[in-house]
Amino acid sequence: MHADNLKLGVNIDHIAVLREARKINDPDPLMALGICAQNGADQITIHLREDRRHIHDEDARRIIAASPLPVNLECSIDPEIIRIVTRLRPHRATLVPEKREEVTTEGGLDVIGKYDMILNAIKMLREAQIEVSLFIDPTHEAIEASERLGAEWVELHTGSYANIYAMRYSALPHSHHAIPELHLSRKELDNRLEMAYSDIVDAANAARSAGMKVAAGHGLNYHNVSAIVSIETIEELNIGQSIIARSVFTGLASAVSEMKALCRR
Ligand code: PXP
């Protein structure tokens, strides 16, 4: 099926990251809701991390109550967090793997190893009438397990694609973290980029054929997003870091509307 209208979910966690740098009330992520909605966003995405390093429970509560757009709440599969999410009642819960020491969500859910725990989380969320998405690596094994788990959505992790894209095309070092493949030739990077991209295409098509809705996200920015937009079986992108980073210079309104323009098919 062709998903004509690619939806843009804006992840506003980074506004709370800035607030937490000072542990004060400013900037308030709630202020982003209207600006995102007026500038083409289709969804607000937030992550209630177990360590509450950016979005707090009270933020989630206020955002869900006030948002003119559906709220997609990312969370771990820990039963205590799932219980909190069932009380918060977002429109959708996206289950993500979580490690305390990570800077950001580094890989997809272990849908095979954690199958029973995920099944339990899905059951609890269903009972609370919350739509469920699984954040997974773009592999056939993960798609098959997600289908067996009965997920309505999968969100494909685009981090590998984004990292290789940055190594291939960015004039600036992409990250402060060591990138082990930095010595790779352009040809090797081209090959790896093609492989990472075709994994996403294949996974999106397989998930769609299995009857699931397909989102994608992580590491997407104003340069690397167009190739992902062209994958017709993907119907939604969730993008945070690059939009909030640009908004520091241009304002949130234009950062969102420029990304939305790139999402048009
Ligand atoms: N989707 C999921 C499931 C995520 O965990 C994140 C990061 O919080 C994003 C999308 C957005 O990633 P980025 O901030 O790199 O755009």
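We use all heavy atoms of the structure for the numbers below, so side chains are in, but hydrogens, waters and symmetry mates are not. All ligand and atom numbering here is 1-based and tracks the order in the structure. Given the structure is predicted, the values throughout are model-derived calculations rather than measurements.
Scanning for side chain to side chain contact (heavy atoms under 4.5 Å, CB included) contacts around Asn224 gives Tyr161, Ala162, Tyr165, Leu220, Asn221, with sequence neighbours left out.
Checking Glu74 against Asn72 by side-chain atom types alone, no donor-acceptor pair falls below 3.5 Å.
With respect to Asp57, the side-chain hydrogen bond (donor to acceptor under 3.5 Å, both in side chains) criterion is satisfied by exactly one of Arg62, Arg87, Arg52: Arg52.
In terms of polar-atom proximity, Leu220 is not counted as a contact of ligand 1, lacking any N or O under 3.5 Å from an N or O of the ligand. Considering backbone and side-chain N/O atoms, Asp13 never comes within less than 3.5 Å of an N/O atom of ligand 1.
Using a 4.0 Å cut-off between heavy atoms, Glu155 contacts ligand 1 through its side chain alone, with no backbone atom that close.
Of all atoms in ligand 1, numbered sequentially from 1 with element shown, those under 4.0 Å from a heavy atom of Val96 are 3 (C).
The environment of Glu194 atom CD is sparse: at most 12 non-hydrogen atoms of other residues, nucleotides or ligands sit within 6.0 angstrom.
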Run the side-chain donor-acceptor check on residues 7-17: report pairs under 3.5 Å with partners two or more places apart or on a different chain.
residue: Asn11; atom: OD1; partner: Asp13; partner atom: N; Å: 3.0
residue: Asp13; atom: OD1; partner: His47; partner atom: N; Å: 3.0
residue: Asp13; atom: OD2; partner: His47; partner atom: N; Å: 3.4

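Note: Leu184 CG to Asp190 CG = 11.0 Å, rounded to the nearest 0.5 Å.
Under a 4.0 Å heavy-atom criterion, Gly219 is in contact with ligand 1.
Looking at Asn238, Ile244, Ile243, it is Asn238 that brings a heavy atom closest to atom 11 (C) of ligand 1. Checking Gln241, Glu98, His218 against atom 12 (O) of ligand 1, the nearest heavy atom belongs to His218.
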